[in-house]
Amino acid sequence: MPEGPSIVILKEFVKELNVEGQTIRKVTGTADLDIKRMQNQKIITFKTWGKHFLICFKDFTLRIHLMMFGSYRINSHKESKPKIGFQFENAEINFYTCAANYIEGNLNEVYDWTADIMGKKWNTKNTIEKLKKEPQAMVCDVLLDQQIFAGAGNIIKNEVLYRTKIQPQSNIRALPAKKLKELVEETKNYAFDFLKWKKANTLKKHWEVYSKKVCPQHHKVTKQELGKNKRVSYYCEKCQKQYN
DNA sequence: AAGGATGTTGCCTG
DNA sequence: TCAGGCAACATCCT
């Protein structure tokens with residue numbers, strides 16, 4: 001489910017319900033949280049930041065993270081009890097297998113909106129500045145750093161590195177300025193391609209290295225756990241260059 | 001059909 | 001003491 005673009009799709013679906021400004025009739029669920037707090041409260045709006053789905057109330061916000069296995073149903077439900085579910089006068093939203101937490105006060109004090117790769121305030125220059133502060137970092141690590149590329153996940157990481165022809169172990173400091181800029185710009189470009197393909201149900205079809213055995217040039221794809229986080233990197237040793 | 005994976009947190013250990 | 005490692009969470013696809 002996750003990665004930023006999928007959360008944007010969730011937000012778009014939810015906004016179509018036109019429940020912003022409406023009062024929640026009933027909140028149900030197994031979440032370890034004071035869920036009754038939201039009952040009879042008016043929803044101001046829905047937002048996203050990276051992989052976070054945000055339900056905003058007057059003085060607080062509910063943050064939902066779908067993690068690896070999360071799912072949701074709109075105007076329907078699964079057989080299992082939702083982790084958290086909302087009933088409106090004419091609509092229903094249910095979330096399963098997610099992490100839910102309250103954020104108190106002003107969201108702008110919690111979130112750096114310029115970090116969200118799907119957001120309006122995201123910008124190349126700002127992101128390059130952040131990257132330059134971590135010259136020793138590997139590109140496979142920074143692409144998963146939510147403070148820099150909020151919303152990027154392992155699919156985006158691998159596909160962007162293939163597009164930009166950079167091997168995942170490369171260090172930031174070793175990338176020529178032009179290449180660094182390309183890396184940053186392509187992350188946003190790929191994220192929006194991801195959004196478009198996900199909506200069309202054709203995302204997997206467009207994978208060039210992620211979960212693939214061969215790249216589009218018919219070279220063998222290397223699969224390796226790399227970086228601080230030991231997440232899997234898929235890359236082509238022939239098409240992608242190692243910088244260091 | 002067992003194994004792996006689009007993610008993150010927090011506990012345990014050396 | 002604290003950073004790093006790793007389990008936990010929980011579901012669906014291959």
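Letters go in sequence order (proteins before strands), and every chain restarts at 1. Note: hydrogens, waters and symmetry copies are ignored here, and every other heavy atom, side chains too, is used. Given the structure is predicted, the values throughout are model-derived calculations rather than measurements.
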How long is the line joining CE of A:Met68 and C1' of C:dA8, in whole Å?
12 Å
Look at the aromatic rings of A:Phe95 and A:Phe53 and report parallel, tilted or perpendicular, splitting at 30° and 60°.
tilted
Once you apply the 3.5 Å cut-off to both distances, tell me the Watson-Crick or G-U wobble partner of C:dC12, or none.
B:dG4
Kindly say if A:Lys228 contacts the phosphate of C:dG4, meaning a side-chain N or O under 4.0 Å from OP1 or OP2.
no
Phosphate OP1/OP2 of C:dT11: any A:Thr97 side-chain N/O under 4.0 Å
yes
Work out how far the P atom of B:dA1 is from that of C:dA10, and round it to whole angstrom.
25 Å
Out of C:dA10, C:dC13, B:dT6, which nucleotide sits closest to the side chain of A:Lys204?
C:dC13
Regarding A:Gln224 and A:Ser233, is there a side-chain donor-to-acceptor distance under 3.5 Å anywhere?
no
Interatomic distance, A:Phe53 CZ vs B:dT6 P [rounded to whole Å]
24 Å
Quick one about A:Lys78 and A:Ser71 (side-chain donor to acceptor, distance below 3.5 Å, no hydrogens or angles considered), yes or no?
yes
N or O in side chain of A:Lys230 less than 4.0 angstrom from C:dC6 OP1/OP2:
no
What is the separation between atom NE2 on A:His65 and atom P on B:dT6, rounded to the nearest whole Å?
14 Å
Has A:Arg231 got a side-chain N or O lying under 4.0 Å from the OP1 or OP2 atom of B:dT8?
no
Just checking A:Lys78: base, sugar-phosphate only, or nothing, at a heavy-atom cut-off of under 4.0 Å?
sugar-phosphate
Nearest-Å distance for atom pair CE/P, residues A:Met67 and B:dT6
14 Å
What's the closest nucleotide to the A:Phe69 side chain, out of B:dT8, C:dT11, B:dT6?
C:dT11
Between A:Glu129 and A:Asn126, is any side-chain donor less than 3.5 angstrom from a side-chain acceptor?
no
Please report, rounded to the nearest Å, how far the P atom of C:dT11 is from the NZ atom of A:Lys81.
14 Å
Ignoring backbone atoms, establish whether A:Tyr210 has a side-chain N or O less than 4.0 Å from OP1 or OP2 of B:dT6.
yes
Please determine, by modelled atom types, if A:His52 and A:Tyr111 share a side-chain donor-acceptor pair under 3.5 angstrom.
yes
Does a side-chain N or O of A:Lys223 approach OP1 or OP2 of B:dA5 to a distance below 4.0 Å, or not?
yes
Find the distance A:Asp145:CG to B:dG7:P and express it as a whole number of Å.
13 Å
In whole angstrom, give the distance that lies between atom NZ of A:Lys51 and atom C1' of B:dT6.
8 Å
Expressed as a whole number of angstroms, how long is the span from A:Glu225:CD to C:dG5:P?
12 Å
